[in-house]
Amino acid sequence: MLSIVFRKLRSWGRVMRGNQLMASLFILFVLMLFFTMTSSRFLTWDNMQNVTRSTSSVVIVGSAVTLVMIARGLDLSVGSLLAASGVLAASIASHGTNLWLSYLAAIALGALFGALNGTLVVGFKVTPIIATLGTLNIARGMAYLVTPSAILVGLPSNWSDLGTGSFFQIPYPVIIAVVIALFFGWLLGRTVFGRHVYAIGGNEETARLSGVNIRKVIFLLYLMSGLATGIAAVVLTSRLGSGDPNIGVGFEFQVIVAVILGGTSLAGGEGRIAGTIVGALIVGFLGNGLNLIGVEPFWQYVAQGVALIAAVILDRFTRRERSEASVRREVNSKDNFDKTEDPKSIGNSASHQGEIS
Amino acid sequence: MVASAKLVSSPMQPFLQVVEISKMFPGVQALDAVNVDIFPGEVHCWIGENGAGKSTLVKILAGSMTPSSGQIRISDEIQDISSPHHAQQLGLSFIFQELSVVNGLSVADNILLGNELSRGPLVLPKASFVRAKELLMRIGFGSLDPNRKVGQLSTAEKQAVMVARALNIDAKVIFMDETTSTLDRDEVENLFSVIRTLKSEGRSIVFISHRLNEVEKIADRITIFKDGGIVGTYNSGELSINGMIRKMVGRDIEHTFPTKNRTFGKSVLEVKNISTAKISNVNLAFQSGKITGIAGLVGSGRTELMSALFGLDRLTAGSISMGGELQRFRNCRDAIRAGIGLVPEDRRGQGIIGLRSVEENISITWAIGKPLRSWKRDSVVLAKKFISGLSIKTPSMGKQVGQLSGGNQQKCVVARWLAVAPGILLLDEPTRGIDVGAKAEMYQIIDQLAREGMAVVIVSSDLPELLGLADEIAVMREGLFMGMLGGDSSEEEVMSLAMGEVK
């Protein structure tokens with residue numbers, strides 16, 4: 001019985017690999033269908049606006065993080081940075097400064113942290129997970145330092161316009177998210193820079209020997225991740241209407257789940273922005289739907305955790321299918337097989353074969 | 001087809017029988033009903049082009065893949081090998097090119113790994129030492145200290161550790177998959193004497209190699225794989241090397257090397273007294289239209305010389321000049337800008353980006369700094385041009401490079417450089433791991449490039465290849481430039497220089 005389920009899962013995985021995006025969309029569709037049937041309040045215009053509005057910050061940051069993860073990097077600092085940039089903007093605005101100036105300050109802080117992450121990873125060769133774990137804490141600390149007395153209120157009346165307004169029924173945050181996602185999609189799919197991102201994730205050594213300026217590319221990726229987080233911070237704090245240093249806890253987790261559900265390979269070298277958008281919507285609708293059908297909020301953590309682990313297991317299965325299929329066509333099939341045992345080994349498995357003399 | 005002489009003269013039963021084994025992958029028949037018998041005490045060589053099915057069969061026997069159909073019989077009993085551990089219990093032992101040794105453990109610990117000598121939970125270090133020593137003595141490696149960390153050992157010594165491990169579990173058949181390709185001449189000789197020892201103990205060795213002269217030397221019987229099937233099993237001596245090649249590729253490959261009537265032009269690149277951490281005081285000049293070979297044993301500084309030319313290693317002394325102009329390479333991007341290309345040694349690890357398309361792999365270097373509006377269209381045109389120009393066999397330019405054959409992968413790497421038209425192209429082991437037919441094509445391409453005025457530099461461990469291609473051969477030894485030989489030198493001349501024998 002179990003083996004049948006297993007086989008089904010694997011063959012389904014093969015289909016999924018064939019069209020990753022369709023598979024993610026399918027999951028999203030099933031999820032929405034389920035909640036539509038279980039809650040009458042789910043499929044309403046208001047709720048759709050609500051979910052897409054709150055998902056927009058995950059999309060904004062996720063788009064940038066997709067590029068980082070395709071290049072085999074990771075950015076954990078985004079959640080704390082969201083809080084730090086947000087409270088900075090709010091605190092500046094609360095002093096009566098021009099609203100746009102406060103937005104700019106938030107984005108600048110994001111860029112600063114992005115540059116810091118980039119410098120740590122590229123310049124000091126700190127592994128991305130440690131570097132961004134460090135900056136995660138630094139940014140959180142700074143958020144509390146800016147607003148020692150908890151939540152910042154008393155913001156100008158037009159503070160919330162950006163986050164809550166809409167244009168022909170489409171919320172501003174959604175429009176911003178779409179623009180940002182389009183930009184990163186374009187960057188990834190249409191530019192030489194995007195090719196370099198894929199190349200670095202696929203095989204860093206080859207990219208280097210081909211003349212790709214790896215250090216520059218990776219630095220820029222972290223910088224863009226920080227910038228995107230700054231923008232997301234403005235959108236989010238504007239929507240919430242306050243400067244709260246507690247926001248964004250677990251946000252990096254949502255972003256990573258969205259990216260991975262969207263089909264970006266953990267081993268790097270593969271992934272698309274469109275996938276990440278679908279991934280973000282899955283995360284968003286899952287939380288919202290569970291809420292509507294009256295599941296306790298704490299279960300949402302459980303659901304997200306399960307979603308992440310399921311996505312990763314699926315990723316492994318599909319990868320194995322594919323490499324087994326290509327064994328025969330591969331020159332050095334041994335190397336290829338080894339990869340399935342350890343996804344990390346992609347790219348550094350050597351390929352020496354003998355020679356006929 | 002199965003050689004009869006051996007069967008008739010020996011009443012022995014085969015220890016291992018592969019009966020009608022097939023392996024299907026979606027869309028591909030990797031093995032098609034193959035039959036092989038392994039007799040006790042024989043050295044059985046498996047040869048065939050890459051992708052012919054040898055490795056798939058090894059994986060099935062090692063328990064890391066399950067066959068689609070067919071049987072495996074061991075001592076005439078049908079066995080369903082379920083895991084690598086099970087294969088080991090059945091007396092099958094495997095030594096792969098990428099050795100599965102634990103670098104952080106000692107020689108003795110590695111040999112006894114999984115079968116530790118212990119009392120209760122405690123390992124017995126003394127007894128382990130003695131046992132390891134005894135096993136190493138049996139294969140003529142008595143001088144290897146069982147207490148040394150395996151990480152410090154040479155490849156040959158690590159292989160000895162693997163053999164000793166196989167002996168410890170009393171393996172009846174030992175598979176050696178491409179184990180000699182990382183060894184130098186003496187080490188290969190050493191391995192062969194180990195093989196003879198194992199054979200005299202009644203153990204069988206399945207020896208898989210692309211080096212046919214080694215096969216000719218060591219084999220009792222030879223099984224030839226082709227396109228997932230078996231061409232036949234022959235007694236050693238029944239086949240010449242040419243005969244083996246003919247059976248492997250199904251055609252004659254003669255005149256593989258192009259004629260050397262090339263005309264040389266001006267000097268493209270000169271190095272004066274360059275030293276890096278790995279090489280010292282090398283003087284060389286490379287002319288356009290000339291193919292310069294670089295010979296030397298593994299570790300002699302051949303690859304390191306290439307690295308120095310390509311701006312990968314920092315020069316500690318000396319200078320590189322191109323067309324009379326002094327060059328300072330801070331990194332390989334500087335070298336590329338100056339007109340140098342490198343086809344690296346490790347195709348999979350350094351040459352290709354397996355997950356990405358043929359087109360991307362070809363145009364990656366070319367595309368750097370190209371205008372935003374037109375580059376993508378031009379990149380497609382470029383890829384098309386090289387796919388037909390170098391006859392890269394791929395269903396489409398969007399195909400993942402990792403799915404092509406080795407020869408076609410290598411052509412993509414070469415195309416990457418041709419796209420930026422470098423003045424000098426460095427090729428490090430350009431034909432390693434690619435099959436005979438693709439090699440011949442690669443030679444034609446290299447010759448063509450030289451004729452079009454490129455300076456070509458080739459590093460190769462394959463001496464006949466080097467002698468067949470190069471107009472002159474620079475010989476390296478222990479990081480030093482030993483001398484320049486003409487392209488018409490003999491293998492012996494090159495070897496004696498490479499090994500430092502005084503004539």
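Chain naming here is simple, since letters A, B, ... match the order of the sequence lines and numbering starts at 1 in each.
Between B:Asn331 atom CG and A:Asn213 atom CG the span is 7.5 Å, to the nearest 0.5 Å. To the nearest 0.5 Å, atom CZ of residue A:Phe193 and atom CG of residue B:Leu372 are 12.5 Å apart.
Of the two parts of B:Ser379, only the side chain, counted from C-beta on, holds a non-hydrogen atom closer than 4.5 Å to a non-hydrogen atom of chain A. Heavy atoms closer than 4.5 Å to chain A are found nowhere in B:Trp366, neither backbone nor side chain. Proximity to chain A (any heavy atom under 4.5 Å) is shown, for B:Thr180, by neither the backbone nor the side chain. Residue B:Ile208: no heavy atom, backbone or side chain, is found under 4.5 Å from chain A.
No donor-acceptor pair closer than 3.5 Å links the side chain of A:Ser210 to the backbone N or O of B:Thr365. Side chain of A:Thr206 to main chain of B:Gly351: a donor-acceptor pair is present (N/O by atom type, distance under 3.5 Å, no hydrogens or angles). Looking only at distances, no side-chain donor or acceptor of A:Arg190 sits under 3.5 Å from a matching main-chain atom of B:Lys376.
Options B:Asn408, B:Asn361, B:Leu312 differ in how many heavy-atom pairs under 4.5 Å they form with chain A, and the most are formed by B:Leu312.
Counting all heavy atoms, side chain and backbone alike, A:Val192 lies closest to B:Ala367 at CG2-O, 3.4 Å. Closest of all the heavy-atom pairs between A:Asn203 and B:Gln350 is ND2-N, 4.1 Å.
Residues A:Glu205 and B:Arg348 are not paired through a salt bridge, judged by the lack of any N-O separation under 4.0 Å between the basic side chain and the carboxylate.
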Show the atom names and distances, to 0.1 Å, of all donor-acceptor pairs under 3.5 Å that link a side chain in residues 120-128 of chain A to residues at least two apart or in another chain.
none

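No more than 12 heavy-atom neighbours from other residues, nucleotides or ligands sit within 6.0 angstrom of NZ on A:Lys216. The environment of A:Ile129 atom CD1 is sparse: at most 12 non-hydrogen atoms of other residues, nucleotides or ligands sit within 6.0 angstrom.
By the side-chain hydrogen bond (donor to acceptor under 3.5 Å, both in side chains) test, A:Arg215 is found to be paired with no residue, residues two or more places apart in sequence or in another chain being considered.
Looking at heavy atoms from C-beta onward, B:Arg416 lies out of side-chain contact with A:Leu209 at the 4.5 angstrom threshold. Side-chain atoms of A:Arg195 and B:Ile364, non-hydrogen and from C-beta on, never get closer than 4.5 Å to each other.
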